[in-house]
Protein chains: 2
Amino acid sequence: MLLGKSACVLTRRACTSRAVVTVRRYCCQKSPQKLRVTEALSSQELGANIKIKGWVRSIRSQKELLFLHVNDGSSLQSLQVVASSELNVRGLTYGSAVEISGDLVKSPHKKQNVELQATHIQVVGECNPVDFPFKIKERHGLEYIRQFPHLRCRTNTFSSLLRIRSEATSAIQSFFKENNFVHIHTPVITSNDCEGAGELFQVEPAGREESPDEENTGFFDVPAFLTVSGQLHLEVMAGAFPRVYTFGPTFRAENSQSRRHLAEFYMVEAEISFTQSLEDLMMVMENLFKSATECVLARCPEDVELFHKYVAPGTRESLDVMLKNRFKVITYTEAIDILNCSSQNFAFKTEWGCDLQTEHEKYLVKHCGNMPLFVINYPYDLKPFYARDNEDQPCHTAAAVDLLVPGVGELCGGTLREERLELLRARLAHAGLEDAYQWYLELRKFGSVPHGGFGMGFERYLQCILGVENIKDVIPFPRFSHSCVL
Amino acid sequence: MLLGKSACVLTRRACTSRAVVTVRRYCCQKSPQKLRVTEALSSQELGANIKIKGWVRSIRSQKELLFLHVNDGSSLQSLQVVASSELNVRGLTYGSAVEISGDLVKSPHKKQNVELQATHIQVVGECNPVDFPFKIKERHGLEYIRQFPHLRCRTNTFSSLLRIRSEATSAIQSFFKENNFVHIHTPVITSNDCEGAGELFQVEPAGREESPDEENTGFFDVPAFLTVSGQLHLEVMAGAFPRVYTFGPTFRAENSQSRRHLAEFYMVEAEISFTQSLEDLMMVMENLFKSATECVLARCPEDVELFHKYVAPGTRESLDVMLKNRFKVITYTEAIDILNCSSQNFAFKTEWGCDLQTEHEKYLVKHCGNMPLFVINYPYDLKPFYARDNEDQPCHTAAAVDLLVPGVGELCGGTLREERLELLRARLAHAGLEDAYQWYLELRKFGSVPHGGFGMGFERYLQCILGVENIKDVIPFPRFSHSCVL
């Protein structure tokens, strides 16, 4: 809307002052003390005039009194509000958004210390309880709420999950920071195919008319994929820093709708320079798991309890055992022996040289006391080109380690990396990859150091500590084959 | 390599014990105290027998003595090593990786407190100085080192940048955590096109033979893109939490090789519930900028000084002014007035209703004392469907705010979101988007709250505080049109 020059000067002035008033208005407002629900719940200031904002999680009307529970997402607990029936304004229903002021008083009930005696209730956003998919006083299952990705954060279970996920993220970052790791943002778009095996997503500008030229080169002049791992990029950094890590989304175009797989999931990956020892890697993995878990248990006790009480009873006890004891270590060869001595019938072969399947991993974990278990020194031929050769023919192994945990199976996987130029060159040449990985060979040409690292699936970590069976229930917006909602 | 059953049992046993020995060996080793270079530099334990590991950054040989500087990435500073010439082993060159043990002694030189008197030097990775692209004692420009994405972390400038980036990441996360924001991992792959305007990347499994069926539906059954913003997903969360944020990669398929654009860049995005005020958003933006910057200056003084001394002199003084003063606020309409009163010839029009271009933004920042500047209340027609209508005809504006900063122009952009169902529905219908955004309308149907948020370009933030001109120099692995290296 363009106005003529002179008209515009006038209206402009008018607009300017009005707009500024709109903005300034709010900072001059006098109001009761604004508190988050969690702050109100732990407040010692009885009698204080406060204001809370949140969503109605329960509503009960008696003759003269109205009882509400209001939650604002700051904690699992809601604040009980008591009001005269006269304040029962239109639109005040389960699910509606409200602003309530009043006085914080001691609660006569044992369940809570304080409650809010409301003097003013305002409904800022109505919620038709008939259309709203969640019903008052019903405990909806994870599978049911999963159908509403834009609304499921409004349930107790999923808002607890999101607070836990946020704390776990922070705990993992703190662990690495305290241990002097430099945080590196490894790229999502890459021209590498790290494992040479993953099902990759390819990236191209949308809606491009393909011309013969572009068909060959594309936006980046080379085929570009979504990363399956930040490892190779971390290895670049391992040539200049003692310890680096990354924590971000990774991708697999696996056509699976299993409870264990997502097309987009989060990985924590670390790379440590100047190490020749799987022990070093195992120590970091074990400390990471324990430190992050202790932190989450301490910071979100109620949210975690919800899962341990209603979703997966028994998980807490099992977790306490894991935290108190050292993780066990066995070799791949010992693992194969254990499997072969077992009376269980496995669907997959358990011969030396075959990869361990989830059924094997779960058996091994149980066999070893339902404790996290490191399996080390896998057959050389099972591991990708970057795994360090143990040079231990005839049973030829690579310096690789997996961490298996109860309920989940493989949680972490790591290797020492082949830092010896000639061995690496020979293996890449054998795989026909020498040209593509010239830059990777150069890392070994200029001041190469023995190094190693590992990756931990963040969703699997959350599944393990919470006892959640389906990986789709521990990520805000799950992406998998046939599903990319929102 | 599969062996016959009986052969395998024998070799398996042999492998098992050997493998365990390999792993355990290292934890029994007695050795001098292992220190990172930064720990050695600040150590008070003169005479201590220590071991450091790192890369040779300088080497100078005198008749009987050898002087090295060794850096391990733990800080910008290197440790001076003094050794007898006899320790000048083969392969000890600039760029090589070394392990050195010896005694930490007081340094006779003023530049450092301590130095290492070496008793043992081992070259663990050689480096041919002729092939290595960085040369001893040369200060390589940012443009030169950018050619070697796999090696540039080995230069002082880029390793400083990476330490600063890591600290800035941590400072931003701490800011949000301290202010009770829940960290949400918004998805990279999305079926939304948030702004309806961005150049999108599309995602499909690689190497799929397109069948007529798949052409229509694809892996996810719907077209899937790389996210341009996590805003809409954060708005989902704003229906259950008071404050949420996300910090991750976002994507634009812009065919630009400018110093300001990347195809993959990092965004910090925040969403605040129960706010009707741009002031609230501006306060968070200003506090975020100041808090993160003060943190980075305090934690990486030497790394930051390198940039302020050699890359962009004057930046520190300008930064100190920004940190000490309140950011200014003007309306878009005032901004247009200022531009029209200026004597500068702009390439783009400065009429009410036209978007502000970088040249305008930079002029406004200079005009307002070279200080960060909020511009608020932009023309309604310039803003996307979700921006809240100020209902201030005839000069119709939306409740939007941009933060402009010296050297960069736009650093942050935010809006109050249209929380009123009928206004939002009308605008979406007008744009033909009502069906696609049914879920977004539902957020307003069930307990809608006034809310708003903003995004900050993380690379632009780093450019601003460090004075780095080219955005490719503040990200580990830059992706842009015609370039996706590694």
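Lettering follows sequence order; numbering is per chain, from 1. Hydrogens, waters and symmetry mates play no part in the numbers below; they use all other heavy atoms, side chains included.
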If you define the side chain from C-beta out and look only at heavy atoms, does anything of [X] sit under 4.5 Å from [Y]?
X       : Y       : result
K177(B) : E167(A) : yes
H185(B) : I475(A) : no
V449(B) : W55(A)  : yes

Contact origin within [X] toward chain B - heavy atom pairs under 4.5 Å:
X       : answer
A168(A) : neither
P129(A) : neither
E235(A) : neither
V37(A)  : neither
S170(A) : side chain
V485(A) : backbone
F176(A) : neither
T186(A) : backbone

[X] versus chain A, heavy atoms under 4.5 Å apart: side chain, backbone, both or neither?
X       : result
D131(B) : both
L226(B) : side chain
Y266(B) : side chain
E254(B) : backbone
T275(B) : neither
F458(B) : side chain
E126(B) : backbone

* Asked: Using a cut-off of under 4.5 Å for heavy-atom pairs, which of K445(A), H233(A), R152(A) has the most such pairs with chain B?
  ->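 Top option by heavy-atom pairs under 4.5 Å: H233(A).
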
* To do: Find the one option among A263(A), A224(A), G54(A) whose heavy-atom pairs under 4.5 Å with chain B are most numerous.
  =>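 Ranked by contacts with chain B, first place is G54(A).
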
* Go through the steps for D72(A) and F274(B) under the test side-chain contact (heavy atoms from CB on, under 4.5 Å), then give the verdict. => CA-CA 10 Å; D72(A) 69 354; F274(B) 292 102; 5.5 Å; no

* Residues R154(B), F446(A); criterion side-chain contact (heavy atoms from CB on, under 4.5 Å); working and verdict -> CA-CA 10 Å; R154(B) 305 191 189 194; F446(A) 302 121; 3.8 Å; yes

* Can the ring centres of F201(B) and F201(A) be said to be less than 6.0 Å apart? ->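 F201(B) vs F201(A): aromatic centres not under 6.0 Å.
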
* Show your reasoning for whether side-chain contact (heavy atoms from CB on, under 4.5 Å) applies to L162(A) and V244(B). => CA-CA 10 Å; L162(A) 290 170; V244(B) 289; over 6 Å; no

Donor-acceptor check, side chain of [X] to backbone of [Y], threshold 3.5 angstrom: yes or no?
X       : Y       : value
W439(B) : L486(A) : no
E264(A) : P187(B) : no
R36(B)  : P242(A) : no

* Test side-chain contact (heavy atoms from CB on, under 4.5 Å) on S74(B) and N180(A) and set out the steps. => CA-CA 8 Å; S74(B) 62; N180(A) 302 308; over 6 Å; no

* Spacing of I184(A) atom CD1 and R165(B) atom CZ [to the nearest 0.5 Å] ->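 Separation between the atoms: 8.5 Å.
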
